Structure formats: C-alpha cells, structure tokens
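Each remark here refers to the structure printed beneath this line.
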Amino acid sequence: MTIRTHNTLTGKKEPLQTIEPGHVKLYVCGITSYDYCHIGHARSSLAFDMIVKYLKYRDYKVTFVRNFTDIDDKIITRANEQNTTSEELANRFIQEFYTDMDKLGIDRPDIEPKATEHIAEMVSMIEELISKGKAYEAGGDVYYIVDSFPEYGKLSKRNIEDMKAGARISVNEQKQHPMDFVLWKASKPGEPKWQSPWGEGRPGWHIECSAMSKKYLGESFDIHGGGQDLIFPHHENEIAQSEGANCKPFAKSWIHHGFVTIKDEKMSKSLGNFLTIRDILNNYHPEILRFFIFSTHYRNPLDFSEAAMQDATTGLVRLYECVAAVDQLDSLQTDESSPTVFTDKDLKKIESLEERFQQAMDNDFNTAQAQGIFFDTIKTINKVRTKLSPTPLSKDIKTLKVSIATLKKLAAIMGLLREDAATFLHNKQEAMLSGLDISAETIEALILERNQCRIDKNWSRSDEIRDELLAKNIELKDGADGTAWIVKAN
RNA sequence: GGCGGCGUAGCCAAGUGGCCAAGGCAGUGGUCUGCAAAACCAUUAUUCAUCGGUUCGACUCCGAUCGCCGCCUCCA
C-alpha cells in the first residue's frame, strides 16, 4: 500500500512519490507572530503534526520546515500600538506560540526559520529575478512581473484576466501591472529596515518562504502545506518567485487544510469570532481538542461548538474507559482450563486493527475513518471483556492487552490516548468535582450511608441519596466490588 | 462576476462504481441491577439536495438546477 495525498496543484489524490527515496521534505507556512494563536492555527499545527507522525510511522525520514513570519505590516502596527519594537513583539508571541504548542503535545519541526534571519537569501533571490527580467525596481520597491510567468494561476486555478475583472487590487502608482506583487518594500521613516541594493527596506511577505524553503529543502521538494486561504495569493506567488528564479519545479505536491468555523462562518480576526487556543485549553483537555480536530478529514471545514466539544469529550472518555478497564485485568486470577471467550470474528476484527488503520490513513490521512476504526475495535474489546469469566484464560487477557497496546500506538499518531487511562479519568473527575459544591468526602460518606441502607433494604432512603447526588451531577455505579461514582458531564 | 469546495439518519461524520451505506453523539427495546448507572446485545437512512445522463450496475463518473461555504484584500 502506498500513501495517497490530495494535491491542490492537480486537484487529485496522488501516490506519494518522494524525490529522494524514503525521505519526505515538507515545508509548511507558519504563523505571523503578532498575537495569540486561535484554534484555526491549532488545526493547522495539529494536521501537519499528525501527517509528520504518520509518515514517520510509515518509515519515512521526514525533514519538516515551518517558518515564522516575524516582520510584516501587522507586526509593525501592533508593535507601535504597544510601544515596543516589532522584534520584541514577534519574539514574545513566538514564545506564546510554543507555550500553546507544547500544551497540545505538538512536536517541533526540524527547522523553524525566521524571516528576519534570512534577509540575505531573500535579497539574492530578488536580484536573481531582476537579472532574469522577472522583476523591476521602482522608487525603492521591487515588484514581480506576473506576466513574465506564463503559468501564473496554476495552483489557484485562475487567470490574470479574470482577476483583473475582480478589480479589488489596491491601486499603486509604482506598479507596471495591477497584478504585480511586491518583493521588497522601501521602508518609511521609523519602520524596521535592512540594507539592500535598492535602498533601505524590508521584504515582501511571499519571498521569505521561497528563500527559506530553498535554503533548507532545495529548489525542488516534496510537499508544501498550509491553510486553504494561503492558496492565493501567497502560494501562487511563491511558485512564481521560486520557479521564476530557479527555473526548476517548486513543490511537487501541495496540501491545504480547511478552516475552523463558528456557526459555519470562517473564524477570523476581522470578524472577531475567534477563540484562542488557551481559551479552549482552559476548559478542555488538549486531547479533547485533538479528538475534535481529527473527527473530520483535514480538508473539510470544521464547525466549532460547545456541543461538538462535549461529543468529543464523551468519545475520548469512552476510549479511555476501555483502556482503563483492560489495564485493570492484571489483578485477575487466571485459569488455564477456562474456555476462550474470543470468537474467530472477534479475533479477526482485533487483529485487523492496524491494517485497517493504515488503509484509512494511507487514503489522504483520513483520521475520521481511523477514529471510526478505533471505536469499532473497542466495541469488540468491550464485548469480549464483559464475557470474561472471573478466572479467565491468560491467553485471552494477553490478546486484550496486546490489542490495547496497538490501539495506543496508533492513537498516538493523532496524539490521543497518550496518558495513563486511570490517571486521565481520575484527573477529569477531579477537575469536574472542583466545579461542584460537594466534596469527595461528602460523597463517600453518603455512599457509606446508602450502602448500609441497601443492606437493610431501605430502598427509599437509598434511592433518595442516589437522587440527591444525581442532582449534583454525581452518578453512582454499583458494582461487585463496591460503589463507584463519577461526575456526569452536563 | 470569476474560480474552488460542500450538500449522506435528530446532530456530527466516513464511504478509492458492485457483498447488509463505517463510526461517534442522542433516542428506543432488552440483558445486568433491589431500582439505577456503566458495559453488552438489538434497533434507528428501501436511501445518499433535486432532476436528467453514462453503465449490466452510481452515494461514488458526467451535465443541469437549488442551497450553503470559501478564495479573488491581511488571514491557518
């Protein structure tokens, strides 16, 4: 089986074929660092984290580069508002970004270049473009000649004529053609600036990715990724710059993920309908956010709501409860004369887990389908587990243990089931209990009282206690080895 | 207006032309239980926005229509 990925350039799913065998070179556009990250950024980071983890699981070597845009108009404006330098502001939010990423359990890329540390590479690429007649200097700015690149529009599937009709391009006297875009901007007084052959200035937005991907991955590499909103103009312009300067194909394949929406509208700063990663992590465990993000395919829009997060919570807890239940089987006495409780069908289902998972993930990283396979598997595990005799066959226990180990290994690719199950469930209870006006001691005391009532067959008082606790969201579970309690999600 | 995408059960969501259209949440009936809860079992789309077409056969391919979303300006 080969991995197939959807390529924006061709609009098709294609088998992954790396330029260098067994080695994937991946470049992803990272954040512009001027504010806290929202869950749209989380989706982006999580999607590529999952993709890298899966590629590594499939034995690829991966070189993963993700940049920081640490100089641009928004950064300068925000820095002025805060009476600080753009450098300080950008670095501060890079640190905040790391705080969020670490909480989400996202692995660091291999290389994280910053735009401001690659001015020389950008300048030399711009010079190359000028010398090839693909760019021109005008009043200290440098522009790319879009008409010099016949394939312009091949990624976003649009042509220059249609775009001119759209006519929302800002008027700029300097430009020879309205679609020409800036490679180098002359600095205004007080703005951050670097020396260049065209005077003091700073780079345009798109050139950094062309220059840095070339430096770290080469002129041609395997996959370039980012959000769907980057297709045009950012990635289209990158192609024009890189292929124009290098005269070689740029990224072979393009992966673009969908947006996070709220009430079906794109989350964005201008609409003010965004939630930061830390807003979410205040209320939900990071794995719940991961579970939610991966519950749909990465290219589809994903609508955020509290209800959806509750569903994700319930689903993840169900997985953890299964893991915890199997973990507890250690304490059982085994008996080799017991019959096996596995049917052939059960075994087949459990043993095919990894293969089915790979099939789903090979198909353009279909995490939604993969999650379905997890649930399908735990259904079988739970079924078998409940059929276990008090003194089961040790081989049956072993089979269950092995399948849980496989499940955890595969779930880890999405960053799920990485905690000890009992601890996860316990911490979740603690967190929920702290929001209630009842202590664990009070609950335990009431359970003791109720159990005495039950021995006395005083059902009315016993039920009263249970209802009383239920009113406070405490649910009781009477089992063979006593009464357990959980805090109910509301 | 141009381009791209989406429309599958009450909600979310898979589905790479051909066995009963995954899975989750919610619901219903049952097993278990003193009664419950959890878990388990069973059940919930003669149908995949609509209408045509291609095909022996389509949710899956093609065309049209309706609806929603995104990009075309900074944006993950």
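Note that these values count all heavy atoms, side chains included, but never hydrogens, waters or copies made by symmetry. This is a predicted model, so every value here is computed, not measured.
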Does a side-chain N-to-carboxylate-O contact under 4.0 Å join A:Glu464 and A:Arg461? yes

Would you tell me if any nitrogen or oxygen in the side chain of A:Asn366 comes within less than 4.0 Å of OP1 or OP2 on B:G15? yes

Between A:Phe250 and A:Phe221, ring centroids under 6.0 Å: yes

Is the base of B:C40 touched by the side chain of A:Arg385 through a donor-acceptor pair closer than 3.5 angstrom? no

For the pair made of OH in A:Tyr298 and C1' in B:A76, what is the distance, rounded to whole Å? 14 Å

May I have the distance from A:Tyr152 (atom OH) to B:C3 (atom P), rounded to whole angstrom? 17 Å

Pairing partner of B:G18, by Watson-Crick or G-U wobble and under 3.5 Å for both distances, is B:C56

Give a yes/no answer on whether the side chain of A:Asn363 brings an N or O atom under 4.0 Å of OP1 or OP2 in B:U16. no

side-chain hydrogen bond (donor to acceptor under 3.5 Å, both in side chains) with A:Trp485: of A:Glu444, A:Gln429, A:Glu475, only one passes, and it is A:Glu444

Under 4.0 Å, heavy atoms only, any strand: does A:Lys477 hit a base, just the sugar-phosphate, or nothing? base

Should A:Ser462 be listed as having a side-chain N or O under 4.0 Å from OP1 or OP2 of B:C35? no

Return the 5'-most residue of the pair A:Ala360, A:Ser44 with respect to RNA chain B, ranking by each residue's nearest nucleotide. A:Ala360

At less than 3.5 Å, do the side-chain atoms of A:Arg158 and the base atoms of B:G70 form a donor-acceptor pair? no

With A:Arg158 as the cation and A:Phe232 as the aromatic partner, state whether NZ or CZ is under 6.0 Å from the six-membered ring centre and within 45° of the axis. yes

May I ask you to say whether A:Arg202 pairs ionically with A:Asp73, meaning some side-chain N is under 4.0 Å from a carboxylate O? yes

Quiz item: A:Asp229 side-chain donor-acceptor pair to B:G70 base, under 3.5 Å: no

Indicate whether OP1 or OP2 belonging to B:A14 is found under 4.0 Å from a side-chain N or O atom of A:Asn300. yes

Using heavy-atom distances to pick each residue's nearest nucleotide on RNA chain B, tell me which of A:Glu475 and A:Phe375 is more 5'. A:Phe375

Check every strand shown and say whether A:His256 touches a base, only sugar-phosphate, or nothing at a heavy-atom separation below 4.0 Å. nothing

Atom CZ of A:Arg299 and atom P of B:G70: how far apart are they, to the nearest Å? 17 Å

Think A:Lys157 has a side-chain N or O under 4.0 angstrom from the OP1 or OP2 of B:G5? no

Taking the minimum atom-to-atom distance to the side chain of A:Asp311, which one of B:C71, B:G24, B:C40 wins? B:G24

Using a heavy-atom cut-off of under 4.0 Å over every strand shown, decide if A:Arg450 touches base, sugar-phosphate, or nothing. base

Is A:Asp463 touching bases, backbone alone, or none of the nucleic acid, heavy atoms closer than 4.0 Å? base

Below 3.5 Å between N/O atoms, which protein atoms pair up with nucleotides 66-68 of chain B? Just atom names and distances, please.
none

Measure from the side chain of A:Arg318, starting at C-beta and using heavy atoms only, and say which of B:A13, B:A37, B:A39 lies closest. B:A39

Please give, in whole Å, the distance from B:A37 P to A:Ile443 CD1? 19 Å

For A:Phe374 and B:G23, say yes or no: do the ring centres fall under 5.5 Å of each other while the ring planes differ by less than 30°? no

Within the structure shown, what part of the strands sits under 4.0 Å from A:His297 by heavy-atom distance: base, sugar-phosphate, or nothing? sugar-phosphate

When we call it a touch if two heavy atoms are under 4.0 Å apart, what does A:Ala368 touch: a base, just sugar-phosphate, or nothing? base

Whom does B:C68 pair with, Watson-Crick or G-U wobble, provided both distances fall under 3.5 Å? B:G5

The side chain of A:Thr296 lies closest to which of these nucleotides: B:A13, B:C74, B:A76? B:A13

What are the residues of residues 94-106 of chain A, sorted by number, that bring a heavy atom to within less than 4.0 Å of RNA chain B? none

Between A:Lys53 and A:Asp49, does any side-chain N to carboxylate O distance fall below 4.0 Å? yes

Touch class at under 4.0 angstrom, heavy-atom based, for A:Leu476 against every strand present: base

Interatomic distance where CD1 belongs to A:Ile381 and P belongs to B:A39 [whole Å]: 15 Å

Classify the angle between the aromatic ring planes of A:His206 and A:His234 as parallel (below 30°), tilted (30 to 60°) or perpendicular (above 60°). tilted

Ignoring the backbone of A:Asp478, work out which of B:G15, B:C74, B:G34 is nearest its side chain. B:G34

Which listed nucleotide (B:G23, B:U16, B:G34) is nearest to the side chain of A:Arg466? B:G34

Starting from P on B:G70, measure out to CG on A:Asn273 and report it in whole angstrom. 10 Å

Checking B:C71, B:A76, B:C41 against the side chain of A:Val260 (C-beta onward), the nearest is B:A76

Please classify the nucleic acid contact of A:Gly372 as base, sugar-phosphate, or nothing, using heavy-atom distances under 4.0 Å. base

